[in-house]
Amino acid sequence: MADLDRVIRTDAVVVGTGVAGLTTALSLRGFDVALVTKTALGGGSTWWAQGGIAAAISAEDSPRLHAGDTLAVGAGLNDPGAVALLAENAVAGIRMLLERGARFDVDEAGRPVLGREAGHSVRRILHADGDATGAEVSRALAAAAAGADHLEVHEHTFVTDLVVDGGRVVGVTARTGAGERIAILAGSVVLATGGIGRAYANTTNPVEVTGDGMAMAARAGARIGDAEFVQFHPTALDAGVDPMPLLTEALRGEGATLIDDAGERFMPGEHPDAELAPRDVVARAVWRRIRSGRKVFLDATAAIGDDLPERFPTVDRLCRAAGIDPTRDPVPVAPAAHYHMGGIAVGLTGRSTLPGLWAVGEASRTGVHGANRLASNSLLEGLVFGESVASDIAGVGASASVRVGEIADPGPNPEPTPDAVAAVRGAMWEGVGLVRDADSLRGALATIGRVTARLPAASGEARNLAEVAAIVAEAALARTESRGAHFRSDHPHPDETHLETAR
């Protein structure tokens with residue numbers, strides 16, 4: 001073995017402590033689980049999620065309706081089996097959260113307050129504290145994890161690569177915050193590392209979302225699916241902040257409108273559902289106006305007005321920090337990279353194409369979202385598929401006795417490369433953004449290739465970011481059609497020959 005500081009043997013490794021990783025780890029009762037995060041417990045995108053969780057709990061709703069809305073938004077690329085699993089287990093996921101201490105908004109009679117967002121035919125969105133659902137989910141699950149005897153939590157530990165022996169994943173290598181180089185060996189490895197949002201210059205994702213899981217899985221030979229499908233949120237606060245603060249879609253669900261700097265409301269001319277059209281439609285409409293030299297604003301003054309601080313306290317705080325009173329003035333907005341529908345290709349149980357490796361949450365590509373994610377299905381995916389992954393691993397059985405040969409040394413932390421990261425992010429925004437074409441994609445790939453050649457050889461966030469950026473750009477170049485969140489100006493229409501579900 002490499003000259004490592006420590007080798008840890010356990011039953012399962014779960015990398016990532018957002019909703020997907022925490023749900024999986026907590027559900028692996030009877031296993032000794034190493035729960036690893038490069039930040040503090042509960043880091044990643046979950047805590048930042050303002051939107052809620054979709055579940056068919058009202059009398060006017062049903063899993064069938066929820067599945068139908070998910071399929072309609074997904075533009076033909078959803079896996080119907082995955083969609084059915086999501087919709088049919090949504091209520092069970094909410095129940096599990098309640099059992100683990102989560103609290104959702106209720107009315108005076110104690111009934112859940114349900115909101116509506118784009119693409120949903122009925123009100124089915126549960127929220128916590130108006131627009132802090134992710135923070136509440138993260139709080140409840142992290143507290144449960146901190147008190148779980150079967151979990152050994154490794155905070156501030158950066159997983160560098162998968163350990164593969166005889167074609168099977170048998171663990172991970174990592175660097176700890178104290179500088180130790182370690183290996184964690186286990187019979188089952190789960191990647192729940194989130195998306196790739198930091199690959200774009202404009203993003204709503206926190207700085208740690210650098211595509212680590214997708215990069216290390218690709219390096220190990222796992223199949224990646226639908227990488228070209230990146231969802232851009234249409235209403236990020238345009239106030240010169242990185243990452244861009246999100247202005248939740250629930251604002252539009254409650255009647256907020258999009259206007260330009262001439263005061264014109266433009267979405268009714270773009271889609272019959274206006275501001276509640278699918279996210280890709282709204283985002284491109286906003287993008288076109290900004291590219292033409294106009295400014296775009298989200299106006300909640302009439303629909304919500306003085307109630308906004310109480311109903312949407314996170315949005316109110318973010319706007320006021322930027323010097324804007326959202327109860328009196330329209331708020332400047334612009335699109336930003338928000339969610340990755342692609343990722344490590346897995347089936348309904350979360351198994352990847354590499355034995356011993358599972359993936360869950362935004363790091364995975366289950367097919368549940370297709371070409372465009374339905375609002376408020378992301379936290380739900382982590383809940384439902386986290387349980388599914390844990391159940392599948394339990395069926396395999398616990399085993400800390402894995403055989404392994406040589407383990408690659410993770411090496412020291414690579415030197416920071418802020419200029420390289422900025423170059424990749426800029427190339428992705430300009431060339432692989434809301435509207436792409438062959439020239440822009442080839443230009444982005446050329447820039448990413450030059451940057452990658454200059455990066456340190458050791459695995460780190462910059463290299464992972466460059467590698468996933470190249471995967472996304474290459475997939476976008478290969479898909480010569482427009483579908484959902486992937487729009488090619490040189491191929492502006494869908495082409496049914498491209499309905500393969502994974503590469």
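Source: prediction; values computed, not measured.
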For His340, the ring pair (Phe, Tyr, Trp, His ring centres under 6.0 Å) test, sequence neighbours excluded, returns none
Sequence neighbours excluded, the answer for side-chain hydrogen bond (donor to acceptor under 3.5 Å, both in side chains) partners of Thr447 is Arg450
Any donor-acceptor pair under 3.5 Å linking the side chain of Ser482 with the backbone of His491?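 Side chain of Ser482 to backbone of His491: a pair is present.
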Problem - N-O pairing of Arg284 and Glu270 below 4.0 Å - result: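 No.
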Report yes if some heavy atom in the side chain of Val432 is under 4.5 Å from a heavy atom in the side chain of Leu441; otherwise report no.
yes
**side-chain contact (heavy atoms from CB on, under 4.5 Å) between Ser459 and Met216, intermediate numbers included** = CA-CA 9 Å; Ser459 174; Met216 70 177 80; over 6 Å; no
dist Arg365:CZ -> Leu77:CG (nearest 0.5 Å) comes out at 7.5 Å
Residues two or more places apart in sequence or in another chain: which of them pass side-chain hydrogen bond (donor to acceptor under 3.5 Å, both in side chains) with Asp419?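 Residues passing side-chain hydrogen bond (donor to acceptor under 3.5 Å, both in side chains) with Asp419: none at all.
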Glu228/Arg488 salt bridge by N-O under 4.0 Å criterion = no
Tell me, do Trp429 and Thr203 make a side-chain contact under 4.5 Å, heavy atoms counted?
->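 Answer no - side chains too far apart.
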**Report entry** Cys319 vs Leu247 side-chain heavy atoms within contact, under 4.5 Å
**Finding:**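 Of all side-chain heavy-atom pairs linking Leu247 with Cys319, at least one is under 4.5 Å.
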Does CH2 belonging to Trp47 count more than 12 external heavy atoms closer than 6.0 Å?
no
- side-chain contact (heavy atoms from CB on, under 4.5 Å) between Val14 and Val360, worked out: CA-CA 10 Å; Val14 177; Val360 64; over 6 Å; no
message = For a 4.5 angstrom cut-off between non-hydrogen side-chain atoms, does Leu22 reach Leu35?
response = yes
Practice task
Determine, stepwise, if the pair Val296 / Trp287 fulfils side-chain contact (heavy atoms from CB on, under 4.5 Å).
Solution key: CA-CA 9 Å; Val296 175; Trp287 181 88; over 6 Å; no
Q | Residues Leu258, Thr235; criterion side-chain contact (heavy atoms from CB on, under 4.5 Å); working and verdict | A | CA-CA 9 Å; Leu258 286 162; Thr235 56; 3.9 Å; yes
Item to complete: Would you confirm whether the ring centroid of His369 sits within less than 6.0 angstrom of the ring centroid of Tyr339?
Response: yes
Report task. For Arg181 and Asp409, indicate whether the former's side chain and the latter's backbone hold a donor-acceptor pair under 3.5 Å. Result -> no
Query raised in the report: Side chain of Thr173, backbone of Thr160: donor and acceptor closer than 3.5 Å?
Result: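 It does not hold such a pair.
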* Applying side-chain hydrogen bond (donor to acceptor under 3.5 Å, both in side chains), name anything that partners Ser352, two or more places apart in sequence or on another chain. =>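 side-chain hydrogen bond (donor to acceptor under 3.5 Å, both in side chains) list for Ser352, sorted by chain: empty.
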Requested in this report: To the nearest 0.5 angstrom, please state how far the CD atom of Glu249 sits from the CD atom of Gln50.
Outcome: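 So the CD of Glu249 and the CD of Gln50 are separated by 11.5 Å.
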Rounded to the nearest 0.5 Å, the CD atom of Glu275 sits from the CZ atom of Arg252 at a distance of 7.5 Å
Checklist entry - Taking Asn372 for the side chain and Gly74 for the main chain, is one N or O donor matched with an acceptor at less than 3.5 Å? => result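 No; judged by distance alone, with no hydrogens or angles, the pair does not exist.
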Counting C-beta onward and ignoring hydrogens, is there a side-chain heavy-atom pair between Val421 and Pro416 closer than 4.5 Å?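 Sidechains of Pro416 and Val421: no contact.
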Original post:
Does the Ser440 side chain pair with the main chain of Gly431, one donor and one acceptor, at a distance under 3.5 Å?
Top reply: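 A pair under 3.5 Å: yes.
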_Quick check against the 3.5 Å criterion: does His120 have a side-chain atom that pairs as donor or acceptor with the backbone of Ala375?_
yes
Salt bridge (Lys or Arg N to Asp or Glu O under 4.0 Å) pairs touching residues 342-358, sequence neighbours excluded, are Arg351-Asp392
Assess whether a salt bridge exists between Arg294 and Glu264, defined as any Lys/Arg side-chain N lying under 4.0 Å from an Asp/Glu carboxylate O.
no
Residues 194-215 vs salt bridge (Lys or Arg N to Asp or Glu O under 4.0 Å), sequence neighbours excluded, gives Lys38-Asp212, Arg198-Asp242
For this session: Find the distance between CG (Leu85) and OG1 (Thr366) and round it off to the nearest 0.5 Å.
Result: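 Here the interatomic distance stands at 8.5 Å.
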**Message:** For a quick test of reading the model, state the closest non-hydrogen atom pair linking Ala25 to Val33 and the distance between them.
**Reply:**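 Result for this residue pair: CB-CG1, 4.3 Å.
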**Q.** Heavy-atom donor-acceptor pair, Thr157 side chain to Val36 backbone, under 3.5 Å
**A.** no
Using side-chain heavy atoms (C-beta onward) and a distance below 4.5 Å, is Glu362 in contact with Thr46?
no
Are side-chain heavy atoms of Ile324 and Phe297 found at a separation under 4.5 Å?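 Answer no - side chains too far apart.
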Val424 and Ala466 have their tightest heavy-atom pair at CG2-CB, 4.2 Å
Is the closest side-chain heavy-atom distance between Thr497 and Glu481 below 4.5 Å? no
- Query: If only atom types and distance count, is the side chain of Asn205 paired as donor or acceptor with the main-chain N or O of His338 below 3.5 Å?
  - Reply: yes
| message | Donor-acceptor pair, distance only, cut-off 3.5 Å: does the side chain of Ser388 make one with the backbone of Leu348? | response | yes
Shortest non-hydrogen pair, Ala54 vs Ile125, comes out as CB-CD1, 3.9 Å
- Between Asp261 (side chain) and Lys295 (backbone), is there a donor-acceptor pair under 3.5 Å?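 Present.
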Nearest heavy-atom contact between Ala420 and Leu455 is CB-CD2, 3.8 Å
Steps toward side-chain hydrogen bond (donor to acceptor under 3.5 Å, both in side chains) verdict (Asn78, Thr70):
CA-CA 8 Å; Asn78 310 77; Thr70 301; over 6 Å; no
ask   = If you measure from CZ on Arg483 to CG on Asp226, what distance do you get to the nearest 0.5 Å?
value =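 Interatomic distance, Arg483 CZ to Asp226 CG, rounded to 0.5 Å: 10.5 Å.
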Residues at least two apart in sequence or cross-chain that pass salt bridge (charged side-chain N to carboxylate O under 4.0 Å, His left out) with Arg6, listed by chain then number, are Glu180
- Task: Keeping to residues at least two apart or across chains, list the salt bridge (Lys or Arg N to Asp or Glu O under 4.0 Å) pairs with something in residues 426-446.
- Result: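 Residue pairs passing salt bridge (Lys or Arg N to Asp or Glu O under 4.0 Å), neighbours aside: Arg291-Glu430.
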From CZ (Arg279) to CG (Leu374), nearest 0.5 Å:
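Nearest 0.5 Å value for the CZ-CG distance: 8.5 Å.
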Across all chains, not counting sequence neighbours, the side-chain contact (heavy atoms from CB on, under 4.5 Å) partners of Ala336 are Asn202, Thr204, Ala236, Met244
Sequence neighbours excluded, the answer for salt bridge (charged side-chain N to carboxylate O under 4.0 Å, His left out) partners of Glu155 is none
Contacts of Asp299 meeting side-chain hydrogen bond (donor to acceptor under 3.5 Å, both in side chains) (sequence neighbours excluded), chain-then-number -> Thr301
What are the two closest heavy atoms between His498 and Thr480, and how far apart are they?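 Smallest heavy-atom distance, with atoms named: NE2-OG1, 3.0 Å.
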Pairs flagged by salt bridge (Lys or Arg N to Asp or Glu O under 4.0 Å) wherever residues 335-346 is involved - sequence neighbours left out: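 Listed by first then second residue: nothing to list.
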| query | Which atoms form the tightest heavy-atom contact between Leu237 and Leu318, and what is the distance? | reply |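 Taking every non-hydrogen atom into account, CD2-O, 3.8 Å.
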